[in-house]
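Note that the structure is predicted; figures quoted are calculated from it, not measured.
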Amino acid sequence: MSLPSVCSESPTYSKDRGGNETTVDLDSSVESKPPVDRNMSDAVFLVVMGVSGTGKSTLGAALSKALHLPFIDGDDLHPQSNVDKMSRREPLTDADRQPWLETIRKTAVSNVLSQLRDDHESHVPNLVRDKDQKPGIIIACSALKGSYRSVLRGETLSQADTLKHSGKLPTCFVYMKGSREVLADRMMKRQGHFMKAEMLDSQLKTLESPENEEGVVTVSIEWSTDDQVREVVRALGDEGEGQ
């Protein structure tokens, strides 16, 4: 499994005091510190994806423990307007999702940059990750459409936002795949979640499988969490060995 780079190589321009445009060297700019920018491509943004009821949060937390990476549930990054809408059983539009998906991407990049700066500035080795272990972050997000995944990869941001927020952080998706029957049974048993079981068919209809995309590992929701974790760790290890 290969993890594609989302680095933008386009030159950036700024104006000098005389109003003339000059090319900015990103490797020497204040916003992109050399040690941080150089190591961003060594990190990983892992998105645990799938329709509601697949167990994204459970797997995300388990991967966090196995990989010693922070985990965030993407649902916690929804604006309140989206949460209210889903509570009323109103489906979100793509316009509703766009700022949420951008927030997820920016949150991932900000978190990884913080890890890299801490590693660089501290004289004490990171006490959580092994010295040879990749920094990164895991976020659970449904990411049902290819266009949503493009946002999460940082491919659709403006040039300014891409340079500021995306850097060269590679993105990998863990696709939790399962049958409607198993998903419906799980949904009926869930309590206190704004996603209602009757909306499952709508999500399945919206789902665009990522299985033919780069940087995707597929796990069955019928596997145990331990088996799912082993498959993801194996896939990430294979990717590392191929570099």
Side-chain angles (χ1 to χ4, degrees), residues 1 45-67 71-101 103-105 108 138-153 171-235:
M1 180 189 68
F45 171 25
L46 201 60
V47 180
V48 182
M49 63 156 290
V51 300
S52 187
T54 52
K56 297 185 293 292
S57 296
T58 299
L59 179 55
L63 286 170
S64 175
K65 184 176 180 179
L67 299 172
F71 168 69
I72 297 174
D73 193 324
D75 285 347
D76 294 336
L77 300 177
H78 268 296
Q80 188 60 43
S81 58
N82 284 4
V83 175
D84 293 343
K85 199 169 184 179
M86 288 184 286
S87 297
R88 297 191 300 267
R89 305 186 184 187
E90 297 176 19
L92 298 180
T93 65
D94 284 357
D96 293 326
R97 290 188 178 90
Q98 182 73 20
W100 170 57
L101 295 167
T103 294
I104 290 175
R105 175 72 190 181
I138 303 163
I139 299 183
C141 174
S142 52
L144 300 181
K145 290 184 179 181
S147 59
Y148 304 163
R149 295 188 289 274
S150 291
V151 177
L152 293 172
R153 291 186 181 101
T171 306
C172 177
F173 291 85
V174 178
Y175 172 39
M176 302 193 71
K177 184 177 181 178
S179 69
R180 184 196 181 283
E181 291 73 25
V182 173
L183 289 165
D185 180 66
R186 289 187 179 187
M187 289 299 300
M188 293 301 293
K189 295 175 181 177
R190 296 181 74 176
Q191 299 294 328
H193 192 272
F194 51 68
M195 178 68 194
K196 307 301 180 181
E198 57 264 32
M199 295 180 69
L200 175 60
D201 285 336
S202 175
Q203 282 208 350
L204 289 172
K205 183 177 180 180
T206 301
L207 176 64
E208 297 172 0
S209 174
E211 291 174 282
N212 292 325
E213 299 172 9
E214 283 189 286
V216 176
V217 55
T218 301
V219 299
S220 170
I221 65 170
E222 297 186 60
W223 295 352
S224 69
T225 302
D226 286 346
D227 285 343
Q228 293 171 345
V229 168
R230 275 191 286 269
E231 175 60 15
V232 175
V233 172
R234 181 203 62 78

Would you give the length of the straight line joining atom [atom1] of [X] to atom [atom2] of [Y], rounded to the nearest 0.5 angstrom?
{"X": "Ser52", "Y": "Leu183", "atom1": "OG", "atom2": "CG", "answer": "8.5 Å"}
{"X": "Ser179", "Y": "Glu222", "atom1": "OG", "atom2": "CD", "answer": "5.5 Å"}
{"X": "Leu77", "Y": "Ile139", "atom1": "CG", "atom2": "CD1", "answer": "6.0 Å"}
{"X": "Ser147", "Y": "Leu152", "atom1": "OG", "atom2": "CG", "answer": "10.0 Å"}

Quick one: are [X] and [Y] in side-chain contact, heavy atoms under 4.5 Å?
{"X": "His78", "Y": "Met86", "answer": "yes"}
{"X": "Phe45", "Y": "Arg105", "answer": "yes"}
{"X": "Val174", "Y": "Ile138", "answer": "no"}
{"X": "Gln228", "Y": "Thr58", "answer": "no"}
{"X": "Cys141", "Y": "Leu101", "answer": "yes"}
{"X": "Thr93", "Y": "Lys85", "answer": "yes"}
{"X": "Asp73", "Y": "Lys56", "answer": "no"}
{"X": "Val232", "Y": "Leu46", "answer": "yes"}

So which heavy atom on [X] is nearest to which on [Y], and how close?
{"X": "Lys177", "Y": "Thr218", "value": "CB-CG2, 3.9 Å"}
{"X": "Trp100", "Y": "Ser142", "value": "CH2-OG, 4.1 Å"}
{"X": "Leu200", "Y": "Ala184", "value": "CD2-N, 3.5 Å"}
{"X": "Arg97", "Y": "Leu92", "value": "NH1-O, 2.8 Å"}
{"X": "Ser209", "Y": "Tyr175", "value": "OG-CE2, 4.0 Å"}
{"X": "Ala235", "Y": "Val217", "value": "CB-CG2, 3.8 Å"}

Practice task
Apply salt bridge (Lys or Arg N to Asp or Glu O under 4.0 Å) to Arg153 and Glu214, showing your working.
Solution key: CA-CA 11 Å; Arg153 291 186 181 101; Glu214 283 189 286; over 6 Å; no
May I ask you to decide if [Y]'s main-chain N or O and [X]'s side chain share a donor-acceptor pair within less than 3.5 Å?
{"X": "Asn82", "Y": "Asp96", "answer": "yes"}
{"X": "Arg180", "Y": "Asp201", "answer": "no"}
{"X": "Trp223", "Y": "Val229", "answer": "no"}
{"X": "Ser64", "Y": "Gly60", "answer": "no"}

Exercise for the section: Consider only side-chain N and O atoms of Ser81 and Asp84, and report whether a donor and an acceptor are under 3.5 Å apart. Expected result: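 Checked: Ser81/Asp84 side chains show no N/O donor-acceptor pair below 3.5 Å.
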Problem - Between Arg149 and Thr171, a side-chain donor and acceptor under 3.5 Å - result: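 No.
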Practice task
Determine whether more than 12 heavy atoms belonging to other residues, nucleotides or ligands lie under 6.0 Å from atom CG of Asn212.
Solution key: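 Incorrect, the count does not exceed 12.
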